[in-house]
Amino acid sequence: MISLRPFTENDAFTIQRKQYPDMSLADIQAMIAEWKTRTWRNRYFEILAITEDDRIVGSVSLYEHSGSVASLGVEVYPDERRKGYASEGMKLMMDHAGKLGYRILQDQVQTENLPSIALHNRLGFETDGYVYRNAKGKDVLLYLFCL
């Protein structure tokens, strides 16, 4: 069964092995401690582990842009992809976002990421199809979802 839960310091080794192999365990534990504050750049930010039977398969996050708009992001570890975890994790976070009072969710998807584009379309996100250049210099499509 897929569920979401906060990360703990005990998850540092999994995060290092699956996502950040070049980071030290101490740095990852510090990052997890920062995640627990639920703030980033003085705005609400929450990142939760996507788990199946207590095994971490990825993460999903919310970042507040305004009282009613938040970004939704999902990352499934490469060896866990194509198993429905991104879809289920996003659905759970979308429900959570609605309970927090957000009404519009947005996500940037790189133009070459066809699986993510298909995922967002399946979940009912909409895009105007215009290609934007994000802050990291990547070409992305902006997807929106009204809760």
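No hydrogens, no waters, no symmetry mates; every other heavy atom, side chains included, goes into these values.
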Take the angle between the ring planes of W40 and Y63 and call it parallel below 30°, perpendicular above 60°, tilted in between.
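Judged by the thresholds at 30° and 60°, the geometry between W40 and Y63 is perpendicular.
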With under 30° as parallel and over 60° as perpendicular, where do the rings of Y143 and H120 fit, or are they tilted in between?
tilted
Indicate yes or no for a side-chain donor-acceptor contact from T37 to the backbone of E34 under 3.5 Å, with no hydrogens or angles considered.
yes
With a 4.5 Å cut-off on side-chain heavy atoms, are [Y] and [X] touching?
X	Y	answer
M23	Q16	no
V109	L119	no
I15	F7	yes
L25	F13	yes
L105	M94	yes
Y132	L141	no
S59	L48	no
F45	E64	no

Within 6.0 angstrom of R41 CZ, more than 12 heavy atoms from elsewhere:
no
For K36, does the NZ atom have more than 12 heavy-atom neighbours from other residues, nucleotides or ligands under 6.0 Å away?
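Counting other residues, nucleotides and ligands, NZ of K36 exceeds 12 neighbours.
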Establish whether [X] and [Y] are linked, either directly or via other cluster members, by ILVMFWY side-chain heavy-atom contacts under 4.5 Å.
X	Y	result
I56	M90	no
I104	L72	no
F125	L62	yes
I117	V60	yes
Y130	L142	yes

How many angstroms lie between [atom1] in [X] and [atom2] in [Y], if you round to the nearest 0.5 Å?
X	Y	atom1	atom2	result
W35	S61	CH2	OG	9.5 Å
Q108	T127	CD	OG1	11.0 Å
S116	R81	OG	CZ	9.5 Å
Q110	K136	CD	NZ	8.5 Å
E88	M1	CD	CE	10.5 Å

In this structure, which one of L92, T51, I47 forms a side chain to side chain contact (heavy atoms under 4.5 Å, CB included) with L4?
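Result for side chain to side chain contact (heavy atoms under 4.5 Å, CB included) with L4: L92.
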Say whether E52 and Y85, considering side chains only, have a donor N or O and an acceptor N or O under 3.5 Å apart.
yes
Looking only at side chains, do Q106 and S71 share a donor and an acceptor under 3.5 Å apart?
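Present: a donor and an acceptor within the cut-off.
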Nearest atoms (heavy-atom pairs only) where Q29 meets E9
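Result for this residue pair: NE2-O, 3.7 Å.
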Closest heavy-atom pair and its distance - I32, D11
CD1-C, 4.4 Å
